[in-house]
Structure formats: C-alpha cells, structure tokens
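Small disclaimer: the values here were computed from a predicted structure and weren't measured.
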Amino acid sequence: MPEKYHIHVRPMPSRFPSVGKTTVLDWGEGCLRCTRCVKETCPYNAFRQRGFDDRSLSDTIDTYCKNCLRCVQGCPRELVVKAANPQYRRLGDDYWTPAILQSTWFQAETGKIPVSGAGYGGPFAGPGFDSIWTDMSEIVRPTRDGIHGREYISTAIELGRKPLFLVFDAEGRLAFEPPPRVEIPLPILLADPPFSAGPVPVRRALTGAARRLRTLAVIARENVDPELAAEAEHLCLTFPTGRVDTEDPLLSRVRLVELTDHEGVLAQVEAVKRRHPGLVTMIKVPADEGAAARVSELARAGAEAIHLFCDHHARGFLGARERHLKDLLRTVHLTLVEDNLRDTVTLLASGGIALAEHVAKAIICGADGVIVDLPLLLALECRLCRACQRGGRCPVDIDSLDPVWGTQRQVNLMGAWNHQLLEVLGAMGLREVRRLRGEVGRAMFVEDLEREIFAPLFSRPGPEGFRREGE
Amino acid sequence: MREKPKVVILACQQALPDPEPLLQALEAAGLTARAVPEPCSSKIEAFHLLRILAVEADCVRVLACPEDACLLKEGSCRLGRRLKHAQEYLQEIGLEPERLEVTRLNPGEAVDLPRLAADLAGVALTLGLNPGRRRVQEKEPQK
C-alpha cells in the first residue's frame, strides 16, 4: 500500500491584524460602570486584547471578535454596536472579493477548512466557477471510516506525455522507452506571484512550500538565484518566448521546464529534449479563441504538458476575453477528446484559481491540475492593494517576511485546500483525483440547467406551431 | 528634498463613501495623504487621533456627518466631544489644536472636493510638519 500523503499544518499567526467584516463601535461615554461589564465577560477576551495598530491606523478588536454579539445584546445602556466595516469592503476587487481574501488568510493561519457556524447566507449560483454545482451523492453514505481513514483517496497526478498503448517484445519486456513523467502528490503547482513587495522572500517561501508539499514551484529562470538553485528538484523553470539555453547547467537538475508558446516552440522543445531527455517540457498557451486548436496541434506534435493560462479574473484573452476559464477548459478538453489526444498530454490551468473548490471545478472541466499564484501571496497576508506595483509601501511588509513563516502559511493554505479536495472527492465517491478529470457528469452547470429545464418552464410561449427552447 | 506634510483623513462612510478623489486632490495640492474609511465617526477615539499624530500624520481631518444626521443618532456628537478633548490635550502639550479638525459633510450630498482639498491643504501647509511625529525612513520597494 502506498504511503499516505499528508500535509502537516500547524497554526501560524498573522503578523498584522486582519480586516474584519464587521467592526465594534464601543461608546465609552455614558457607561454605567456595571459590576459585570459585557467587555469583561467577552468569551473571546476581545476587549482585553484590543489595541491600536499603527500601520493600518485602526482598532485591532476585529481580529479577536468572533461576532457572537453577546456584548451588543448584553450592554444595559446599548453602548456597544456592531457595524459593517468599510475597510473590509475595499479589500481586493470584484473577483478577488473580501470574502475570498479573508477565507484565504484564515486557512493560511490555521490550515483548517473554513466553516461558517451560522450557515451559508449567500446565493446558490453565480458567474464563473459559482455556476458549477458538484455532485455530493455519496455524502449520505460516507465511507466506512471517513475520508481520512483506511480508504485512501489519492490526489496525485502525473505530468508528462503518456503513451496510448504499450508494446512488449517477445520476452514480455516493454519494447520502448516510456516518456519521462513527474508525479506530484497534489494536483497543484505553486507559481511565483506576478507582483509582490518582496519577490525574493516570497520565492524563498514558495520554494520551501513546494519542497514540503512535494510539488513544484514555477519560477522564471532569471529569478533563480544560487539559494533557490539548491532546491532545483522542486522547481519548474519558465523561460520567456524563444529564449532557452539548452546548456544551462540547471536544466540537468530540474524535472520540469515551461516554455512560452510561439511559432518555434516545438523546435525549442525538441532541442531541450535532445540535450535533456529526462526532462518534462510544458508549453504555456494563452487561453484565447484559438487555444483549443493550438493545444490540439501541440498535442499531436508530441507536446508533453500544456499550461493553459487566463488572466487573474479567470477570463481569456483576445477574442475569448468574455469567456471564463471553465468554459475555455471544457472547449480545450473536448477538442483533445474528439481528436483522440486527451490521454496523451497533461493539461494544467491557471488564472483565477482563488478557492479550493476552483481546483476541483477546473479538474471537472478537463484540467489534470492547476497552477496557483495569487492565493499563495494572499497566504502571506497580502491585501491585494497593489501598492507595490505603484511603488508604494506594502501595508503588511511582505518584503521583510521570514521565509520559514511564509512557507508554513503556504503549506497551511494548501493543506486546507487538499482537505477540501478530499471532501469533494469523498462526497462524489471517487478515490482518485485523476478520475475527476473531465467528469462533467459529476457536476451540474447552472447555465445548462437554465437552458434545458427552466427556460421551457418559464419562457413566454411562442406563436402557434413554435417550440420553446429546450422543448 | 523638502518633506511634504502628511494628512490622514478619517472618513465616515456615510459622509464620504469614497475618499479616493479627495486623496488625489490633496496630492495634487502638494500633500501626502492617506484615508482610513470608518463605519461611523464615533469609531474614532481620542487616543486614536493622538496616536495617528504621533506615528504618521502632520494633520488629521475627520470627515463626519452633521450631529443631527448621524445614522447611529449620537455617533457624530460623540466624535465632536472626543475631538475637543484631544484638541485640549494638544494645546496642553504645546501643539496646534488645528492639527485635529472635523469637517461635517451631509450624507448623500455632493461634496465640493476642490474646496475641501484647498481648505485642508491651506491648514496643513500653514501648520507645516508636526514636531511631535515619529519620523521613519520610508522603505524603498524591493525590485
């Protein structure tokens, strides 16, 4: 029996007070000086621990307050009030919502699945990944001893070209040299975030996390310094369009390299493979309107792995700017299936993977795995204010972080994501993440449901003799 | 290069939901500015105002609703008293009380930002740098 993959999480406190969804307004004037003040009896000691944070220029009580509202209800003079925190609303943007940021910080701090004791108050469907409902049919009949028990659920994937069939010689031995593969126990590669106030310590933390998680850190070759080069086994080097030095000594120590797609990329792959036959090459293809045809062409030409990337809001490029990653992935996946090439090539997706559920949903849409970057930066308490891009000062001093602290935060986040992936797989009754790939039967797409089921029920009847859509 | 005075705006979200245009106007007027959105001006305690002056600001301006228009009835009134208390303290230690001021803005009404910015810039430039403020070398962003 293979060794169980386990991510060792441990609490790693935040360095800065977090931004709460709500905040306490505590009016001291007019206090009756009760003998049993609600502030004294706060079950979380929030009032005792509160202070003033010089960096955010705000009260730190929201870091400790758990919104039990005991103080609000208990104060006889009603001097404690809870109000929506405007600083929370200003976090992130319309895709990287405050809720996503806060949930990521919680997971990075604790390594635990974020669970809301007050239930889920949000909508049941929305745009993008929120329009996918995953199968939970097995949740009523869970495995004998839970998802962490004896019935092992594998989250491992293999990166590289896979032969569609095997050929044996007369003596029963494999008649050809199988292509190289890289096996990672988690369907997630960690990528260097595109911006940060401290790229060097962030990369150190990232590489440390990749080592601990036994996955790979995707880092541009020019950013690999000697200290990172010592971790070559856990690196995936990326090269800009058309520039790769096959004599680079680091290439003989890494297992995966990424080359950006361009006209001569196949020749480049060939040159790299000729010099380093044991290396797996991945081609980074933008998710535009021609991505499906291009991926199919590359797969037919022998590409080993493809990285389909969207922007950070999970939108495609050029003519596919309005399309979401999930739709682009489905198109690419189905094109490969139709061309009988799907099983030959590894398909990784990136761009807009913000939550654990997005990993499972991207895999359902046809990816073998995903590459994440911004969530790893959020794990380091990034506020996504992008002040660093404007030359401003980072509100959470990312440039001075301790890489050991950063590594543990990223390991915690990935640990929480892995647990959620196991929950999703367990609820579906699947024992392997590889079986989830392209399993759209394990999900319902709201737009399909609306078109096929609700449209015939609720659309206006057409003129005599016309059938309504979906009938 | 001469250091620009820094103004910290504490903006009640009812009075000024989006302080960003005001910040731009202040920066255009030759100041460094930062805004902290607040749920209600009564979130601001006297010691918050003093701490902000001690660590970061040359001037602090609270943007609050008129006392009779506070969403929480008495929040804006409480802010007024706390601010007065903090101003008295400033006076006691020999700093100009004008470094802490409040501007009342009617919620929901258009704000004359150029005028507000000019007023703030006038006060900040007249008062100059705050001698009680801790000076910290700003870090250069890492490349």
Side-chain angles (χ1 to χ4, degrees), chain A residues 19-31 50-62 72 77-91 195-204 222-223 385-395 397-401, chain B residues 6-20 23 27 32 34-57 60 62-63 70-82 84-85 133-134 136-143:
Chain A
V19 184
K21 189 175 181 179
T22 56
T23 188
V24 174
L25 298 180
D26 160 29
W27 294 346
E29 308 92 352
C31 173
R50 78 192 297 189
F52 183 76
D53 179 48
D54 286 352
R55 177 57 59 87
S56 60
L57 303 183
S58 52
D59 189 356
T60 60
I61 194 163
D62 307 325
V72 175
R77 285 290 299 269
E78 297 177 354
L79 294 173
V80 185
V81 179
K82 285 287 279 185
N85 188 358
Q87 294 180 30
Y88 175 82
R89 270 211 311 268
R90 291 161 65 91
L91 290 171
F195 57 85
S196 77
V200 174
V202 168
R203 280 182 210 122
R204 300 252 183 290
E222 72 260 27
N223 294 328
C385 64
R386 296 176 189 262
C388 51
Q389 287 180 302
R390 299 187 295 269
R393 191 173 180 186
C394 177
D397 281 349
I398 283 189
D399 49 339
S400 66
L401 68 85
Chain B
K6 181 160 189 180
V7 177
V8 170
I9 310 282
L10 303 172
C12 164
Q13 64 172 337
Q14 309 298 332
L16 189 67
D18 181 17
E20 199 56 41
L23 292 188
E27 278 169 13
T32 311
R34 176 177 177 184
V36 182
E38 301 286 356
C40 168
S41 59
S42 63
K43 174 81 183 166
I44 305 157
E45 302 272 356
F47 87 92
H48 292 173
L49 296 165
L50 297 172
R51 283 288 292 275
I52 293 169
L53 272 185
V55 299
E56 187 162 325
V60 177
V62 183
L63 303 180
C70 179
L71 189 73
L72 298 174
K73 301 285 184 204
E74 44 187 304
S76 197
C77 169
R78 285 171 184 272
L79 177 267
R81 291 183 195 175
R82 290 174 191 171
K84 196 157 171 277
H85 177 65
R133 177 184 151 193
R134 185 176 72 198
V136 185
Q137 196 68 38
E138 293 278 326
K139 281 183 191 169
E140 284 294 317
Q142 207 168 345
K143 293 282 168 332

Is [X] close to chain A through its backbone or its side chain, or both, or neither, when contacts mean heavy atoms under 4.5 Å?
X: Leu71(B); answer: neither
X: Glu20(B); answer: side chain
X: Arg81(B); answer: neither

So, taking the atom named [atom1] in [X] and the one named [atom2] in [Y], what distance separates them when rounded to the nearest 0.5 Å?
X: Arg393(A); Y: Arg34(B); atom1: CZ; atom2: CZ; result: 9.5 Å
X: Ser58(A); Y: Arg51(B); atom1: OG; atom2: CZ; result: 11.5 Å
X: Glu74(B); Y: Trp27(A); atom1: CD; atom2: CH2; result: 4.5 Å
X: Ile9(B); Y: Leu57(A); atom1: CD1; atom2: CG; result: 12.0 Å

Subject >> Criterion side chain to side chain contact (heavy atoms under 4.5 Å, CB included) against Ser42(B), the qualifying member of Leu25(A), Asp26(A), Val81(A) >> reply: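 Testing Ser42(B) for a side chain to side chain contact (heavy atoms under 4.5 Å, CB included) against Leu25(A), Asp26(A), Val81(A) leaves exactly one candidate, Leu25(A).
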Original post:
Going by an N to O cut-off under 4.0 Å, is there a salt bridge joining Glu29(A) and Arg78(B)?
Top reply: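 Counted as a salt bridge, because a side-chain N and a carboxylate O are separated by less than 4.0 Å.
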Original post:
Should we count NZ of Lys21(A) as having more than 12 external heavy atoms under 6.0 Å?
Top reply: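 No, because the 6.0 Å sphere around NZ of Lys21(A) holds 12 heavy atoms or fewer from other groups.
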Subject >> Residue Arg390(A) versus chain B: region with a heavy atom under 4.5 Å >> reply: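 For Arg390(A), there is no contact with chain B at all, as no heavy atom is under 4.5 Å.
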Return the minimal non-hydrogen interatomic distance between [X] and [Y], and the atom names on each side.
X: Glu38(B); Y: Pro86(A); result: C-CG, 3.3 Å
X: Arg82(B); Y: Gly28(A); result: NH2-N, 4.1 Å
X: Gln13(B); Y: Ala84(A); result: NE2-O, 3.7 Å
X: Lys43(B); Y: Val24(A); result: NZ-O, 2.6 Å

Original post:
Are Asp54(A) and Glu56(B) side-chain neighbours, meaning at least one heavy-atom pair lies under 4.5 Å?
Top reply: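 SC-SC contact between Asp54(A) and Glu56(B) ruled out.
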